[in-house]
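A quick write-up on the structure given underneath.
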Amino acid sequence: MILEKRNRSFEISNDYLYIAITLLVTSLVFFASVVFEHEIYTIFNVANFLTWHTLLEFFSVIFAYIIFNNSYHSYKHQKRLRLLVLAITFFIVGCLDFLHALSFDGMPNTFAPSSREMAVIYWIIARLIMAMGMFTSSIIPRKKKVRLNEKCILFSCTFLTFILIYIVTCKTEIIPALFIDGIGLTDLKINLEYIVMALQIAAISYFMREYRATLNKYLMILCSGLIFMTFSEALFTLYRNTFDTFNLLGHIYKTVGFYLIYYSIFKYNIDLPYLKLKDAQGKVELYANNLEKIVDIKTKDFREANEKLNMELDYAKVIQQSLLPPNKMCFENIVFRSEYIPCEKLSGDFYDIFEVDKDNIGMYILDVTGHGVPAALLTMFSINNIKSNERLIKRYRGLKPHRNLKHFYEEFNKLNFPEEMHIVTFFATYNIKSKVLTYCSAGMNCYPILSRRTGEYEFLDKSQGFPICQFSEFFTPVYESAKIQLSEGDKIIFYTDGLTDMQKNSTLNEEELINILRRNKNNNIEILNQEISKELKNMKQEFDDDITYFILEVL
């Protein structure tokens, strides 16, 4: 562990050398040119300067178009927003830098007469677009994806470039002066260069922050290129003549900066994925050569892991089912009979029957989305929040089902459960003396069925509620309880949708369940439960959903 930390620290130090060396070189040359200005300052011969200027701009334009091509085609496959921003930026910058080189003072006339003013305008627009593009790409998360039509984007960039060319070429008079012959740069030009420098420095800080998270050394090379570009802009605030030392040195810095940016993007988007692919192919070949041995090892590991998992699931099943109440419970004038059939070892269904106090019996049944381990874990949360072990709290919530479910909804939304997880439940309280059942549903899609001794039946669907889900930011549900008077011989079956889900389980439908209740209106719940169980056993199939129900009978 200590050795790994030392190696990681050494690698980080090596990567920071890119920044350190770049800052050392750029700052030394920059400050030397400023301090020894009187010794080195020169106004070059126009022909010589144009040769070097055209050559440097030629390389810059090539690097810009390579970066555009790299980013554009990488975006077509990866759909990362950062690549799209880089492609747009360097397409426009490449076009404007090309026109800057053609319009430079002393160059032959092309689209319009060449002039210092036009060249400076093209220059500052290109630098502003590049600075904004690099800053924008630095603040975009590296894995952020968008699905935009790249051909439409390319067409839009081309159209925007033509608009800029038209304004600079034909509407030059609307653009404020940036350079005045005999005087030099205007305050506006210098301030715009400072804005470009500020955006590039901000981009450097964001890319370095990303480096600390990813340890991608090519981000440091990218930052080195931006450092060259920043010092280049600083030099372009100092020149007094378009053919002087500061101007030429600024173009050299710019070309080096473009190369480093090109190199980092090329390595990151093309070279690095290729090396990863090559490494993966080597591993595939190694696996292929040792496939039989690897399969035997993996099969053994899988069997052991599967046995361990099954053992743990068996323990979890025992624990979950130990929390259920007995399948038969008797109180003063009421009796319960229940069945619990999970489709897997762990279930997303749960129910409980308990004393609220000496005069009231609480009961609930719930169904969690899905089944298996995730659903079982959520049932554990439900147990702790529906029925409290504190006597006063149990009574406070138990006597008013709507208050209990409202509290349950609020507690559920305090935690960061997945948005797709939700619970439907039905909570009721029976008063032994008055024989009144008070109930409230929280989105239960199968209402309990009340079967009277007279053969009549009705659904307990008069309450108001909402499923327990992550929705509190958008909606505050209302829960209201309903009451119903029960009589001797009345029976109620509470169940989850697995009992009557014909699509998943091909078991009973609602009408068949009602007919069973009617046929057994004069029989006790033991006989009623036996008939329902018999119907389920006759299905002779494995169920795709949990089946849970309990029956209440008033004595």
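Note: hydrogens, waters and symmetry copies are ignored here, and every other heavy atom, side chains too, is used. The shown structure was predicted, so the numbers you read here are calculated from the model rather than taken from an experiment. In what follows, residues are counted from 1 in the order of the sequence shown.
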Show me the side-chain donor-acceptor pairs of residues 352-362 shorter than 3.5 Å, one per line, residues at least two apart or across chains.
{"residue": "Asp352", "atom": "OD2", "partner": "Lys387", "partner atom": "NZ", "Å": "2.9"}
{"residue": "Asp357", "atom": "OD1", "partner": "Asp359", "partner atom": "N", "Å": "2.9"}
{"residue": "Asp357", "atom": "OD1", "partner": "Asn360", "partner atom": "N", "Å": "2.9"}
{"residue": "Asp357", "atom": "OD1", "partner": "Asn360", "partner atom": "ND2", "Å": "3.0"}
{"residue": "Asp357", "atom": "OD2", "partner": "Asn360", "partner atom": "ND2", "Å": "3.4"}
{"residue": "Asp357", "atom": "OD2", "partner": "Arg395", "partner atom": "NH1", "Å": "2.0"}
{"residue": "Asn360", "atom": "OD1", "partner": "Asn431", "partner atom": "ND2", "Å": "3.1"}

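- Phe459 and Tyr457 have perpendicular rings, their planes meeting at more than 60° on a 0 to 90° scale where under 30° would count as parallel.
- Ionic pairing of Lys534 and Glu531 is not present here: no N-O contact between side-chain nitrogen and carboxylate oxygen is shorter than 4.0 angstrom.
- Residues Ser382 and Phe408 come closest through the heavy atom pair OG-CZ, 3.5 Å.
- Ring-plane geometry between Phe550 and Phe494 is classed as parallel, the angle between the planes falling under 30 degrees on a 0 to 90 degree scale with a further cut at 60.
- Taking the six-membered ring for Trp and thresholds of 30 and 60 degrees, Phe426 and Tyr439 have nearly parallel ring planes, at less than 30 degrees apart.
- Judged by distance alone, with hydrogens and angles left aside, the side-chain atoms of Asp546 form a donor-acceptor pair with the main-chain N or O of Gly348 at under 3.5 Å.
- Between Phe336 and Phe331, the ring planes lie perpendicular to each other; the angle is over 60°, past the 30° to 60° tilted range.
- A donor-acceptor pair is defined here as one N or O able to donate and one able to accept, closer than 3.5 Å; no such pair exists between the side chain of Ser533 and the backbone of Gln530.
- A salt bridge links Glu210 with Arg82; the closest basic N to acidic carboxylate O contact falls under 4.0 Å.
- Electrostatic pairing of Lys433 and Glu332 does not count as a salt bridge here, judged by no charged N lying under 4.0 Å from a carboxylate O.
- Counting non-hydrogen atoms of other residues, nucleotides and ligands closer than 6.0 Å to CG of Asn416 gives a total of 12 or fewer.
- With rounding to the nearest 0.5 Å, the separation of OH in Tyr396 from CG in Leu399 is 11.0 Å.
- The pair Glu410-Lys406 meets the salt-bridge criterion, with a side-chain N (NZ, NE, NH1 or NH2) lying under 4.0 Å from an Asp/Glu carboxylate O.
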